[in-house]
Amino acid sequence: MTAQSAQKKNNQKKAKTAITPTREENFPEWYQNVIKAADMAENAPVRGCMIIKPYGYAVWENFQRELDRRIKDEGVKNAYFPLLIPLSYIAKEAEHIDGFAKECAVVTHHRLEAAPDGKGLVPAGELTEPMIIRPTSETIIGETIAKWVTSYRDLPLKLNQWANVMRWEMRPRLFLRTAEFLWQEGHNAFATAEESNADARRMLEVYAEFSRNVLAIPVIEGEKTPEERFPGAMATYTIEAILQDGKALQSGTSHDLGQTFSRSAGIRYQSQDGAEELAWTTSWGMSSRMVGGLIMTHGDDDGMQMPPKVAPHHVVIIPIVHDDGDRAKILDYAETLARRLKELNIRVEMDASDRKTPDKLWGAIKQGVPVRVEIGRREMEEGNVTHTRRDIGRDSKTTESTDAFCNKITAMLDGMQEEMYQAALTRTNAMLHDAKSLDEARQFFSEKSSIGQLRMDAAFLQEDAFEKLQKDFAVTPRCLPFADEGKKVIVGKAY
RNA sequence: CGGGGCGUGGCGCAGCCUGGUAGCGCGCUGCCUUCGGGAGGCAGAGGCCGGAGGUUCGAAUCCUCUCGCCCCGACCA
């Protein structure tokens, strides 16, 4: 090989990526840079809190719309409960408070006064009872619905709220783990244990379907081990995603709370035969961390790739103007296309800014817009559009008639959605390995090149050597997959 | 809260070891040529070097203390 060809090969190897470092070079840094490049969020002045920028929030709004519809289809009604919870409420359930105490933000004052030394303000007006900022709302919703439920006729009661919650986190990361995050929390109450358990399982199904079909994120459905359970729950069900770096992400959870919260909050009802009974409750939630899961599942070295169903824009139209005489006509042609697409329920963004064309193109790539459309004089004169798919790139660049494009765009987006899911599923499956013994597991986790999760016999959970495995390699049991009927456990690193 | 790394214009960095009052790339502003996968020229704007003390004639640079960020753990959605 000549020096020249060696040089050329080297250049090819280091093909310029829109995001540096690449995923392979430094995954955590890549993740943060994708968020920055896509203009989705940034850190807030308060550690652990984030500012969700319009493009990132638009993803959340699409997420909300799709999930909210599914929740309502289950017969759940939305409501809103307060941010502040009396300390006495949360203190009632010992196991629950034990689980959350360390991460509760506490409000102790209700007034600010000038500091004695004249510099700044200090808290004054101490509250007779401190309040906590909700880390979750089981207690206040339990206390409230205890007043609403008196008869078996009041059950089932199904409530959901879209809210922010706060958990004082040690190690925050944008979207994946923030002190304040956005979520929905559902709280259902039933007359029987069978109903509450079936409900917890049912809501997990809703989450799994939503993850796969809307977010294009493959998930494993299963049950948490007792150690990993929600504080106070009888059973915690989870969907786990395996991200591109092989770590697992608990993506949605559903808890069968049994009578734990009914007992502490006094959710009692009179049954048909006149006896006083305690209700059985569930709770279930999915949060803004999924936006992080979305990035870590679909992003590549050129930035974000949005699954069409949550993409803020399905199509970005980039008018290309070489000569000012054409400008008005080209923009007009582009606007006409935009209107046509909007009539097809396509979310269209027109980029008529005066940025340079390559900057517009790369901006759209980094934001992960599924389809880029370029409109210049050639398209205008021939009644065409030129379009490129984000997931395939320049090889998909096609010029065809506007009619042909409008006829296929919906199917094209649906196809992209499906292909993104299949690609993610292939990766996920490749990262799930079987281990036949704890020794084999130790071997796997000690190799630096090993990425992914291990599936092993659930009986290993009882062995002392398993605890050592967890400690030595910072891995945890993620779940006992339903598919294996509780006989297997998935173990690995997690976010 | 432990272990490691880092704080220098909007972003990424050099300068620090061997003190002399700040530089590079990208971005930004203006003009011209450009524009279909990251264009070029010329002219500009922008930083009391995270903060507070100290040493010194003089500190981005040396010392002490602080604050913040990132990574790896413990905790967790």
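Just so we're on the same page: letters track the sequence lines, and every chain starts at 1.
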Would you mind reading off the distance between Phe230(A) atom CZ and rC75(B) atom C1', rounded to a whole angstrom? 15 Å
Round to the nearest Å and state the distance from Glu467(A) atom CD to rA74(B) atom P. 13 Å
Scanning both residues in full, the closest heavy-atom pair of Val34(A) with Gly303(A) reads CG1-C, 4.0 Å
Separation of Phe27(A) atom CZ from rC72(B) atom P, in whole Å? 11 Å
Between rG46(B) and rC24(B), how far is it from one C1' atom to the other, in whole Å? 15 Å
rG44(B): pairing nucleotide in any strand, Watson-Crick or G-U under 3.5 angstrom: rC28(B)
Expressed as a whole number of angstroms, how long is the span from Leu174(A):CG to rC71(B):C1'? 15 Å
Contact between Ile409(A) and Val315(A) at the side-chain level, heavy atoms closer than 4.5 Å - yes or no? yes
For Pro21(A), check side chain to side chain contact (heavy atoms under 4.5 Å, CB included) against everything at least two apart and list the hits. Glu25(A), Asn26(A), Glu29(A), Asn33(A)
Could you check whether Ile318(A) gets within reach of a base, just the sugar-phosphate, or nothing at all, counting any heavy atom under 4.0 Å? nothing
Asn188(A): which residues meet the side chain to side chain donor-acceptor pair (under 3.5 Å) condition with it, sequence neighbours left out? Asp199(A)
rA74(B) and rC11(B), which share atom name P, separated by this distance in whole Å: 32 Å
Residue list, side chain to side chain donor-acceptor pair (under 3.5 Å) with Asp39(A), at least two apart or on another chain: Lys53(A)
Using a heavy-atom cut-off of 4.0 Å across all strands, would you classify Thr178(A) as base, sugar-phosphate, or nothing? base
Whole angstrom value for the distance that separates P of rC72(B) from OH of Tyr31(A): 13 Å
Report each atom pair, protein N/O against N/O of nucleotides 68-70 of chain B, whose distance is under 3.5 angstrom.
residue	atom	partner	partner atom	Å
rC69(B)	OP2	Arg47(A)	NH1	3.3
rC70(B)	O3'	Gln32(A)	NE2	3.2

Take the protein atom CG of Asn26(A) and the nucleotide atom C1' of rG5(B), then report the distance between them rounded to whole Å. 12 Å
For the C1' atoms, the ones on rU55(B) and on rC63(B), what distance do you get once it is rounded to whole angstrom? 7 Å
Would you please name every residue forming a side chain to side chain contact (heavy atoms under 4.5 Å, CB included) with Val165(A), sequence neighbours left out? Arg134(A), Phe181(A), Trp183(A), Glu185(A)
Would you tell me if any nitrogen or oxygen in the side chain of Arg171(A) comes within less than 4.0 Å of OP1 or OP2 on rC72(B)? yes
Assess the side chains of Ser196(A) and Asp256(A): does a donor N or O sit below 3.5 Å from an acceptor N or O? yes
Provide the distance between the two C1' atoms, one in rG51(B) and one in rC67(B), to the nearest whole Å. 7 Å
How many whole angstroms separate atom CD of Glu227(A) from atom C1' of rA74(B)? 17 Å
Using the ring of each side chain (for Trp, its six-membered ring), is Phe63(A) parallel, tilted or perpendicular to Phe210(A), with breaks at 30° and 60°? perpendicular
What distance, rounded to whole Å, do you find between the two P atoms, one in rU8(B) and one in rU61(B)? 14 Å
So which nucleotide does rG19(B) pair with, by the Watson-Crick or G-U wobble rule with both distances under 3.5 Å? none
Once you apply a heavy-atom cut-off of 4.0 Å, does Phe181(A) come out as touching a base, just sugar-phosphate, or nothing? base
How would you list, by chain and number, every residue that makes a salt bridge (Lys or Arg N to Asp or Glu O under 4.0 Å) with Glu467(A), sequence neighbours excluded? Lys471(A)
Between OH of Tyr495(A) and C1' of rC75(B) the distance, given in whole Å, is 17 Å
Nearest-angstrom distance, C1' atom, rG2(B) to rA59(B): 33 Å
Would you please name every residue forming a salt bridge (Lys or Arg N to Asp or Glu O under 4.0 Å) with Arg394(A), sequence neighbours left out? none
Using the test salt bridge (Lys or Arg N to Asp or Glu O under 4.0 Å), find all partners of Asp68(A) that sit at least two apart in sequence or belong to another chain. Lys72(A)
Atom P, compared across rG20(B) and rC62(B): separation rounded to whole Å: 11 Å
Among residues 133-142 of chain A, which ones have heavy-atom contacts with RNA chain B below 4.0 Å? none
When the P atoms of rC72(B) and rG9(B) are compared, how many Å lie between them, rounded to an integer? 25 Å
Is rC6(B) paired to anything, Watson-Crick or G-U wobble with both distances less than 3.5 Å, and if yes, which nucleotide? rG68(B)
Indicate for each nucleotide in nucleotides 33-44 of chain B, in 5' to 3' sequence, whether protein heavy atoms under 4.0 Å reach the base (B), only the sugar-phosphate (S), or nothing (-). --BBBBB-----
Hits for side chain to side chain contact (heavy atoms under 4.5 Å, CB included) against His313(A), two or more places apart or cross-chain, chain-then-number order -> Tyr55(A), Glu349(A), Val369(A)
Go ahead and name the base partner of rA39(B); Watson-Crick or wobble counts if both distances stay under 3.5 Å, otherwise write none. rU33(B)
Kindly state each residue pair satisfying salt bridge (Lys or Arg N to Asp or Glu O under 4.0 Å) with at least one member in residues 207-229 of chain A, sequence neighbours excluded. Arg70(A)-Glu209(A), Arg212(A)-Glu221(A), Lys224(A)-Glu240(A), Glu228(A)-Arg478(A)
